[in-house]
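Structure record follows, encoded as structure tokens.
In what follows, every heavy atom counts, from backbone to side chain, and hydrogens, waters and symmetry copies are set aside.
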Amino acid sequence: MSEQPARSAHRTDDARQDTSEGARDDGAVSQFVERFASQLVDAGMQRMSARVFACLLASDSGVLTSAELGERLQVSPAAVSGAIRYLSQVDMVSREREPGSRRDRYRVHSDQWYEAMTRRDNMLTRWESTLREGVAGLGETTPAGRRLGETLAFFEFMQKELAGMLGRWREHRDQLRADLESPGR
């Protein structure tokens, strides 16, 4: 019974934070969440995980509790729990303890996409190693060996380009942040 007022107070605080720069159109936010989630599903993400991720992304704080996610998405705590488990496993959200409480909060980070691409870089390295072994085992001159060799060359090219692109992004991101923090804004 004493938990209810705390939840209501937290929701009120969160709502205030989300409207700090003016009134939000809840319908537009909901439409964005569902549309972006749908696009993430089209790219291969699980539906509920995509909805939870998009909901976190659309909150000003980037941090919500399981109860808040369930309320905003109109889903059960079990659905949120499964989605969070997946998103945590793939490092798309992090879990943190709400200060002074036993409740967990889930956070999406502003560098999320950069981190995801960095992990992709690591995955490409592992794939390259396996492809090299495949080419050696199948023989470079066999049709399958040539196909694997071309796949290997593609991943080597992608990894080289990705490293340069991530470096350019860091520079661009730092400039964007500096511009946002400049006194004229």
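Arg177 is linked by a salt bridge (charged side-chain N to carboxylate O under 4.0 Å, His left out) to Asp111, counting only residues two or more places apart in sequence or in another chain. Partners of Arg107 according to the side chain to side chain donor-acceptor pair (under 3.5 Å) rule, which considers only residues two or more places apart in sequence or in another chain, are Glu96. Gln46 pairs by the side chain to side chain donor-acceptor pair (under 3.5 Å) definition with Ser49, not counting sequence neighbours. Every residue two or more places apart in sequence or in another chain that forms a side chain to side chain donor-acceptor pair (under 3.5 Å) with Glu34 is listed here: Arg51. Under the side chain to side chain donor-acceptor pair (under 3.5 Å) criterion, Arg95 pairs with Asp104, Tyr106, not counting sequence neighbours.
Across all non-hydrogen atoms, the minimal contact from Leu138 to Ala144 is CD1-CB, 4.0 Å. Taking all atoms of both residues into account, the shortest heavy-atom contact from Ala54 to Ala37 is CB-N, 4.2 Å. Between Val33 and Ala58, the shortest heavy-atom contact is CG2-CB, 3.9 Å.
Within the structure, side-chain hydrogen bond (donor to acceptor under 3.5 Å, both in side chains) pairs that include any residue of residues 124-147 comprise Thr125-Gln159, Arg132-Glu156 (at least two apart or interchain).
Ring geometry, Phe36 versus Phe32: the interplanar angle falls under 30°, so the pair is classed parallel (tilted spans 30 to 60°).
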Practice item. Apply the test side chain to side chain contact (heavy atoms under 4.5 Å, CB included) to residues Val108 and Leu87: give CA-CA distance (whole Å), side-chain angles for both, the deciding distance (0.1 Å), then the verdict. Key: CA-CA 10 Å; Val108 65; Leu87 292 168; over 6 Å; no

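Atom CD1 of Ile84 and atom CG of Leu56 lie 6.0 Å apart (nearest 0.5 Å). Atom CZ in Arg47 sits 7.5 Å away from atom OG in Ser38 (nearest 0.5 Å). Here Cys55 contributes atom SG and Met48 contributes atom CE; the two are 10.5 Å apart, rounded to the nearest 0.5 Å. If you take OG on Ser30 and CD on Gln74, they are separated by 9.0 Å, rounding to the nearest 0.5 Å. Distance check, rounded to the nearest 0.5 Å: CG of Leu124 to CZ of Phe154 gives 8.5 Å. Once rounded to the nearest 0.5 Å, the distance linking CG of Leu176 with CH2 of Trp169 reads 5.5 Å.
In terms of hydrophobic clustering, with Ile, Leu, Val, Met, Phe, Trp and Tyr side chains grouped at heavy-atom distances under 4.5 Å, Leu162 and Leu131 are assigned to a common cluster. In the hydrophobic cluster analysis, where Ile, Leu, Val, Met, Phe, Trp and Tyr join through side-chain heavy atoms closer than 4.5 angstrom, Leu69 is grouped together with Tyr86.
A heavy-atom distance below 4.5 Å is not found between the side chains of Val52 and Leu64. By the 4.5 Å heavy-atom criterion applied to side chains, Arg103 and Arg97 are not counted as neighbours.
The backbone N or O of Asp179 sits less than 3.5 Å from a side-chain atom of Ser182, completing a donor-acceptor pair.
Enclosure of atom CD in Gln39 by more than 12 non-hydrogen atoms of other residues, nucleotides or ligands within 6.0 angstrom is indicated.
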